There are 2 protein chains.
Amino acid sequence: MQGGSDYKEILKKEGLKSTKHRNAILGIMEEGDEPLTAEAVFLKLKDMNTSISLSTVYRILETLVSKGVIIKSSVTCENKAVFEMNRMEHKHHLVCTGCKRMVSVEGCPFEEYEKKLKGLRGFDITGHKLEIYGVCPDCKR
Amino acid sequence: MQGGSDYKEILKKEGLKSTKHRNAILGIMEEGDEPLTAEAVFLKLKDMNTSISLSTVYRILETLVSKGVIIKSSVTCENKAVFEMNRMEHKHHLVCTGCKRMVSVEGCPFEEYEKKLKGLRGFDITGHKLEIYGVCPDCKR
DNA sequence: AATTTAATTGATAATTATTATCAATTAAAT
DNA sequence: ATTTAATTGATAATAATTATCAATTAAATT
């Protein structure tokens, strides 16, 4: 979980070279339980004294999204994307309406309903996303 | 539903002047059943030979959102906002993963579950949003 | 109805998030 | 150690949105 190239295997499997930056970003994504913006990842790297270009952060995140290693999503009404590790579990988000912080929640009350929807308006249903809004403890003051 | 200033009452109630542009935009929002981007609204107005500045479209939409007359949301992974009339009903969206078109759906399987979540991680739950993904008939070819 | 006043608009510049470009660098295959 | 193709940094470009400010217009007041 910390150190140099812990993600060599994952990267090799995806046909990607194991680089300092990719390993560092995967480390950040792995330990965090909140989805992060590209800029937040960039700042975390800076805090760790890892020099990197913001464009490289975007590029690495996008590459990992295209490989399915990382999931990209967005908060409604915020015009920026957030990224988190794809832990291969069906998940949803809890979003603070104050600070827009996103927290992951497990469980899904929706599977049954989705089956009922099959064929709705001629769509082939492939999945869903549930965002639950609320005010986080910090924003409650 | 068509014509000049059908929304004078709504606008007055919100302390907004009744202008040609605001009425035209409310008309477009009222008749559409799909959420629209600011640009789509702009183009619809153009088709109707209503000369308007794109910045005015954004401004009017934002003003109406702040009054709660219009709802702003966004499709995951698309970095632009969409707007639709606030019909004061609890609603969700069906999004085509091909063309990103959004269609509104009624009904919500979630009310029970939300109650269970009360207090989750110290959040005060205030609402939720459900996006159902699929492939629309057009994108199925 | 004419005048006043404050809100609204258009045109444009500025900003923010993201993506593209391309030469320099680096990982890993040989 | 050398080669080769992938990766990176720096920067420019783009796309969506927001800010600015002078000109225009709605509606309140006379």
Side-chain angles (χ1 to χ4, degrees), chain A residues 4-26 35-43 45-46 49-67 69-83 100 102, chain B residues 4-26 35-43 45-46 49-67 69-83 100 102:
Chain A
S5 45
D6 305 282
Y7 305 96
K8 201 173 265 177
E9 295 310 313
I10 294 175
L11 291 168
K12 181 174 277 178
K13 195 195 329 171
E14 303 298 343
L16 298 171
K17 286 184 180 171
S18 171
T19 67
K20 192 178 64 149
H21 292 332
R22 284 180 179 154
N23 281 289
I25 287 180
L26 283 169
L36 299 171
T37 62
E39 176 134 51
V41 172
F42 175 73
L43 293 174
L45 287 165
K46 225 173 186 178
N49 293 313
T50 301
S51 154
I52 190 170
S53 165
L54 180 57
S55 68
T56 303
V57 175
Y58 272 105
R59 198 165 21 202
I60 290 177
L61 289 171
E62 212 55 65
T63 300
L64 294 173
V65 166
S66 76
K67 298 295 185 179
V69 176
I70 279 178
I71 295 167
K72 180 180 182 179
S73 52
S74 67
V75 183
T76 298
C77 291
E78 282 284 275
N79 54 347
K80 47 189 150 184
V82 290
F83 301 85
K100 308 296 178 186
M102 252 186 171
Chain B
S5 45
D6 307 282
Y7 305 96
K8 201 173 263 177
E9 295 309 313
I10 296 175
L11 292 167
K12 181 173 276 178
K13 195 193 334 171
E14 302 298 344
L16 297 171
K17 285 184 181 170
S18 171
T19 68
K20 192 178 64 149
H21 293 331
R22 283 179 180 155
N23 281 289
I25 287 180
L26 284 169
L36 298 171
T37 62
E39 178 135 50
V41 172
F42 174 71
L43 292 175
L45 286 165
K46 226 174 184 175
N49 294 312
T50 301
S51 153
I52 191 170
S53 165
L54 180 58
S55 68
T56 304
V57 174
Y58 272 105
R59 199 165 20 201
I60 290 177
L61 289 171
E62 213 54 66
T63 300
L64 294 173
V65 167
S66 77
K67 298 296 185 179
V69 176
I70 279 177
I71 296 167
K72 180 181 183 178
S73 52
S74 67
V75 182
T76 298
C77 293
E78 282 285 276
N79 54 348
K80 47 189 150 185
V82 290
F83 301 85
K100 310 295 180 188
M102 252 185 171

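Lettering follows sequence order; numbering is per chain, from 1. Given the structure is predicted, the values throughout are model-derived calculations rather than measurements.
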Not counting sequence neighbours, which residues clear side chain to side chain contact (heavy atoms under 4.5 Å, CB included) with B:Lys67? List them please. B:Glu14, B:Leu16, B:Val69
Do the non-hydrogen side-chain atoms of A:Leu36 and A:Val82 ever get within less than 4.5 Å of each other? no
Just how far, in rounded Å, is C1' of D:dT24 from CZ of B:Arg22? 14 Å
The correct set of residues in residues 36-43 of chain B placing a heavy atom under 4.0 Å from DNA chain D is none
Between the protein and nucleotides 11-16 of chain C, which nitrogen or oxygen pairs come in under 3.5 angstrom?
| unit_1 | atom_1 | unit_2 | atom_2 | d |
| --- | --- | --- | --- | --- |
| C:dA11 | N6 | B:Ser55 | OG | 3.4 |

4.5 Å side-chain heavy-atom contact, A:Phe83 and A:Ile71: no
Do any side-chain nitrogens or oxygens of A:Tyr58 fall under 4.0 Å of OP1 or OP2 in C:dT18? yes
Could you state the atom-to-atom distance from CD of B:Glu62 to C1' of C:dT9 in whole Å? 17 Å
A:Glu62 bridged to A:Lys72 by N-O distance under 4.0 Å: yes
Rounded to whole angstroms, how far apart are CG on A:Leu61 and P on C:dT18? 10 Å
Measure from NZ on A:Lys46 to C1' on D:dG9 and round the result to the nearest Å. 14 Å
When you compare the side chain of B:Tyr7 with that of B:Ile10, does any pair of heavy atoms fall below 4.5 Å? yes
Would you tabulate the pairs of protein nitrogen or oxygen atoms and nucleotide nitrogen or oxygen atoms of nucleotides 28-30 of chain C closer than 3.5 angstrom?
| unit_1 | atom_1 | unit_2 | atom_2 | d |
| --- | --- | --- | --- | --- |
| C:dA28 | OP1 | A:Ser18 | N | 3.0 |

So CD1 of A:Ile25 and OG1 of A:Thr50: to nearest 0.5 Å the spacing works out to 9.5 Å
Could you tell me whether the phosphate oxygens of C:dT26, OP1 or OP2, come under 4.0 Å of any side-chain nitrogen or oxygen in A:His21? no
Tell me the interatomic distance from A:Lys20, atom NZ, to C:dT26, atom P, rounded to whole angstroms. 9 Å
Side chain to side chain contact (heavy atoms under 4.5 Å, CB included) with B:Lys17: which residues, sequence neighbours excluded? B:Thr19, B:Arg22
Scanning both residues in full, the closest heavy-atom pair of A:Glu39 with A:Leu54 reads CA-CD1, 4.3 Å
Going by side chain to side chain contact (heavy atoms under 4.5 Å, CB included), name the residues that satisfy it together with A:Ser55, two or more places apart in sequence or in a different chain. A:Ser53, A:Arg59
Run through DNA chain C and report every stem of 3 or more consecutive Watson-Crick or G-U pairs, distances under 3.5 Å, ordered by first number. C:1-30 with D:1-30
Interatomic distance, A:Asn23 CG vs D:dT7 C1' [rounded to whole Å]: 13 Å
Non-neighbouring partners of A:Lys13 that pass side chain to side chain contact (heavy atoms under 4.5 Å, CB included), sequence neighbours left out: none
What is the distance, to the nearest angstrom, from the CG atom on A:Leu54 to the C1' atom on C:dT19? 11 Å
CA sep, side-chain torsions, deciding dist, call: B:Leu26, B:Leu11, side-chain contact (heavy atoms from CB on, under 4.5 Å): CA-CA 10 Å; B:Leu26 284 169; B:Leu11 292 167; 4.0 Å; yes
Separation of C:dT9 C1' from B:Ile60 CD1 (nearest whole Å): 8 Å
Find out whether B:Leu61 and B:Val57 are in side-chain contact, i.e. whether some heavy atom of one side chain is under 4.5 Å from a heavy atom of the other. yes
Dump the intermediate steps for side-chain contact (heavy atoms from CB on, under 4.5 Å) on B:Ile60 and B:Thr56, then the final yes or no. CA-CA 6 Å; B:Ile60 290 177; B:Thr56 304; 3.7 Å; yes
Could you tell me whether the side chain of A:Asn79 and the main chain of B:Asn79 form a donor-acceptor pair under 3.5 Å? no
